[in-house]
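Structure, as structure tokens:
In what follows, every chain begins at residue 1, and chains take the letters A, B, ... in the order their sequences are listed. Being a predicted model, the structure only gives us computed values, none of them experimental.
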Amino acid sequence: MDLTNQLSFLATLIPEYLIILFLLIIVFMDFSTEKIAEKIPAVAMSGLLLALLANLFMTGTLYETEKLLAGGEIFVNDGFAFLFKFMILASSLIMVYFFVQDDEVNAYKTRKGEFYILFYSMVLGMMLLASANDLIAAYIALEVLSLPSYIAAGFLKVDKRSSEASLKYLLFGAVASGVMLFGISLLYFSMSSTSFQILVSNMSHGIGFDPVMILALIFIIGGFGYKISMVPFHFWTPDVFEGAPVSITTFLSVSSKIAGVAVFVRFIVYSFAGSNLMNQEIAGLGFNLNSFLVLLSILTMTVGNLTAIFQNNIKRMLAYSSIGHIGFIVAALAANSEQGLIAISSYLLIYTLMNFGAFLVVLLIKFRIGSEDIRDYKGLGYKMPFLSVMMVIFLVSLAGLPPTAGFWAKFYVFTALMEAKLYLLALFAIFNTVIGVFYYFRVMKVMYFEKSETAEPLPILTGGNKTVLLVLGLPLLILGIYFTPVVELARETLKIAGF
Amino acid sequence: MIPLEYYLILSAFLFVTGVTGVITRRNAIVVFMSIELMLNAANLTFVAYSSFFGDVVGQLFVFFVMAVAAAEVAIGLAIIIALFRNKETINIDEINILKW
């Protein structure tokens, strides 16, 4: 790469530079007087907005920078990365609104700056994760994301559940990253490279699978699987989601998962799908990498959805439901086709909207009735009509029923599975959709068909709350009727990525 | 010169020791020390390979890993202290409010 090329490559990282710049600005604002520190949320929001605009502007010039993708750089900025960074930044922008609403977090007035510093480091880690193209970069970005999340999960220092969630997250996370690192070292040992692209060329030169490499792959998939909470690496998810403050739970369940999926998909697709290794039998054991993914996907969906039925804490239920959704995404990845990748991108776009919406409703309800228990939601349908109608939209979409966009997101996963002739997996996916309908509708049943003993009026929503709920909810209905734009967007960005 | 395999066997041994410690020990700080052992096992593999074949990538990686490990320990001890203030224990078996 000559100098001009290098410079224009570095220019594609402008959104990351903006995030780092604003991170420093927030650190200094936190040091200065209280009056300045009060403006931190506004500054955080404008920083994210600027990065988002820079990201969109970059997407326009992508075709020119395409030639830069050839080498084995540790970061790439292809269409896939841009789409995921767009999702991460847009979701973080909505997150700031959540933080302003979250009274649990705001109770710690003097630590407000600290909170946004953690938040910004997490955003930076996610963005680096979305464009990581080398196991070194992936590992560092994963840690940049994970370390602040451990602290953020335990942000409520005097709350027992919060600090317990934090410790559990830390122990699981540290073990998972240690195992993954050992896997990387083994892979480096047998492939003598850590770059995704060089891995693929080395592997297709007939080195084939040796035992060290199988072990390395299992370890690395475990490390990534922990981040996206894929069964059997999911044990931290429900505990952390229940213990952490609601806004952090939202961030972990949406944005952090998006980034994890981005790097996992890139690792699998770049390193294996291009070669024929995906379908090559491993060491005569009668299964290949693809069937391994199919197995993980079936486990993830089934365990996530079945366990969600028995939950009474709504945050815990949504945690298990998010595990179920990850199962669908892994299923689309196992389809190992362009159709599957399009399904992943569009599924995540819709997942962001509906999960955000559901968590915002949980947050708003929590600070009105003071409970996260589903059984306490009795009669809310009549006490808070607008909020409950929006909740119904989000839940129907999460369940994957028409006329919402959630149906089409699932539909494209099914199409990809049928095209790849993975009929068993498709059957399990349908089975899990049915289970999903059961527990999502239970919440609606409690809200509308169970009478509450008390009839005291609840504080009414502000105009801002309603606007954000509509911004999240209406697209689900509109895209449910006309889903083509999402699929076209996913197709275009993947075309640029050259998968 | 010591053959490469010896380094690998040592690092595998270190890794297994670390995993065993994580699984069997109940004190959060000891678990944390075991995790450090796992990271160092990976470091040893990286360094051994890169010095044998003159590939600098492995040594580069080790520096990053050491920095990350230091940060992780700082955060980990802080979290353990925060938990101890709330519950007066760092025994993992007694940290059980959140389950199922």
Side-chain angles (χ1 to χ4, degrees), chain A residues 134-137 139-140 142-144 146-148 150-151 153-171 173-190 192-195 212 215 219 238-243 307 310-313 316, chain B residues 4 7-8 11-12 14-15 18-19 22-23 28 31-32 34-50 52-53 55 57-58 60-62 64-65 67-69 71-87 90 92 94-100:
Chain A
D134 187 297
L135 285 168
I136 298 184
Y139 176 74
I140 305 294
L142 203 68
E143 290 295 331
V144 171
S146 296
L147 296 182
Y150 304 149
I151 310 175
F155 193 77
L156 313 173
K157 263 204 250 174
V158 293
D159 186 64
K160 273 188 191 170
R161 297 199 307 163
S162 185
S163 29
E164 182 179 325
S166 172
L167 183 74
K168 281 187 175 165
Y169 197 9
L170 174 85
L171 288 180
V175 172
S177 76
V179 168
M180 180 180 157
L181 188 69
F182 195 68
I184 294 175
S185 78
L186 289 181
L187 197 65
Y188 173 67
F189 183 79
S190 56
S192 72
S193 167
T194 52
S195 168
V212 175
L215 205 61
F219 283 178
D239 289 353
V240 172
F241 279 24
E242 190 185 338
T307 327
F310 305 104
Q311 304 307 323
N312 285 322
N313 182 308
R316 227 176 156 75
Chain B
L4 185 56
Y7 288 104
L8 279 186
S11 92
L14 270 180
F15 185 76
V19 173
V22 167
I23 294 169
V31 171
F32 225 73
S34 310
I35 292 170
E36 290 303 305
L37 268 185
M38 288 161 68
L39 295 183
N40 283 326
N43 281 353
L44 189 61
T45 319
F46 275 122
V47 174
Y49 184 86
S50 70
F52 258 78
F53 295 96
D55 184 10
V57 175
L60 197 79
F61 204 161
V62 168
F64 282 118
V65 173
V68 166
E72 207 166 55
V73 167
I75 287 173
L77 290 181
I79 288 175
I80 291 175
I81 289 173
L83 187 80
F84 185 76
R85 285 202 180 133
N86 280 332
K87 301 197 63 166
I90 50 169
I92 293 177
E94 288 169 32
I95 302 172
N96 55 5
I97 315 175
L98 303 169
K99 56 187 164 199
W100 249 79

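- Residue B:Ser34 does not touch chain A at all, counting heavy-atom pairs closer than 4.5 Å.
- Taking B:Ile80, B:Val57, B:Leu60, B:Leu44 one by one and counting their heavy-atom pairs under 4.5 Å with chain A, the maximum is reached by B:Val57.
- Of the listed residues (A:Val175, A:Leu181, A:Leu186), the one with the most heavy-atom contacts under 4.5 Å to chain B is A:Leu181.
- Interface remark: A:Phe219 contributes side-chain atoms only to the contact with chain B (heavy atom separation under 4.5 Å).
- Ring-centre distance between A:Phe189 and B:Tyr7: not below the 6.0 Å cut-off.
- Using a 4.5 Å cut-off between heavy atoms, B:Leu39 contacts chain A through both its backbone and its side chain.
- In terms of heavy-atom proximity, A:Lys160 sits nearest to B:Asn86 at CE-O, 3.5 Å.
- When heavy atoms are compared at a cutoff of 4.5 Å, A:Glu164 approaches chain B by way of both its backbone and its side chain.
- Heavy atoms closer than 4.5 Å to chain A are found in both the backbone and the side chain of B:Phe46.
- Contacts of A:Thr194 with chain B are made by side-chain atoms alone, with heavy-atom separations under 4.5 Å and no backbone atom involved.
- Atom CZ of B:Phe64 is surrounded by 12 or fewer heavy atoms from other residues, nucleotides or ligands within 6.0 Å.
- Among all heavy-atom pairs drawn from B:Ser11 and A:Phe182, the shortest one is OG-CE1, 3.9 Å.
- Looking at A:Leu170, the atoms closer than 4.5 Å to chain B (heavy atoms on both sides) all sit in the side chain, from C-beta outward.
- Heavy atoms of B:Ile90 lying under 4.5 Å from chain A are absent altogether.
- Listed by chain and number, the residues in a side chain to side chain contact (heavy atoms under 4.5 Å, CB included) with A:Ile151 are A:Leu118, B:Ile75 (sequence neighbours excluded).
- With a 4.5 Å cut-off on non-hydrogen atoms, A:Ile140 touches chain B through its side chain but not through its backbone.
- There is no contact between A:Asn313 and chain B, counting heavy-atom distances below 4.5 Å.
- With a 4.5 Å cut-off on non-hydrogen atoms, B:Val22 touches chain A through its side chain but not through its backbone.
- Listed options B:Ser50, B:Gly58, B:Ala28 were ranked by heavy-atom pairs under 4.5 angstrom with chain A; first place goes to B:Gly58.
- Contacts between B:Ile92 and chain A at a heavy-atom distance below 4.5 Å involve the side chain alone, from C-beta outward.
- In this structure the side chain of A:Tyr169 never reaches within 4.5 angstrom of the side chain of B:Ile79, judged on heavy atoms.
- Of all heavy-atom pairs between A:Leu135 and B:Phe61, the closest is O-CZ, 4.2 Å.
- Between chain A and the options B:Val65, B:Leu83, B:Asn43, the largest number of non-hydrogen pairs under 4.5 Å is found for B:Leu83.
- Interface remark: B:Leu37 contributes no atoms to any contact with chain A (heavy atom separation under 4.5 Å).
- Taking CZ of B:Phe84 as the reference point, atom CG of A:Leu167 lies at 13.0 Å (rounded to 0.5 Å).
- Using a 4.5 Å cut-off between heavy atoms, A:Val179 contacts chain B through both its backbone and its side chain.
- Remark: B:Tyr49 OH to A:Ser185 OG distance equals 12.0 Å, nearest 0.5 Å.
- No side-chain heavy atom of B:Arg85 sits less than 4.5 Å from a side-chain heavy atom of A:Ser163.
- Of all the listed residues (A:Ser146, A:Ala174, A:Gly154), the one sharing the greatest number of non-hydrogen pairs under 4.5 Å with chain B is A:Ala174.
- Every residue two or more places apart in sequence or in another chain that forms a side-chain hydrogen bond (donor to acceptor under 3.5 Å, both in side chains) with A:Tyr188 is listed here: B:Asp55.
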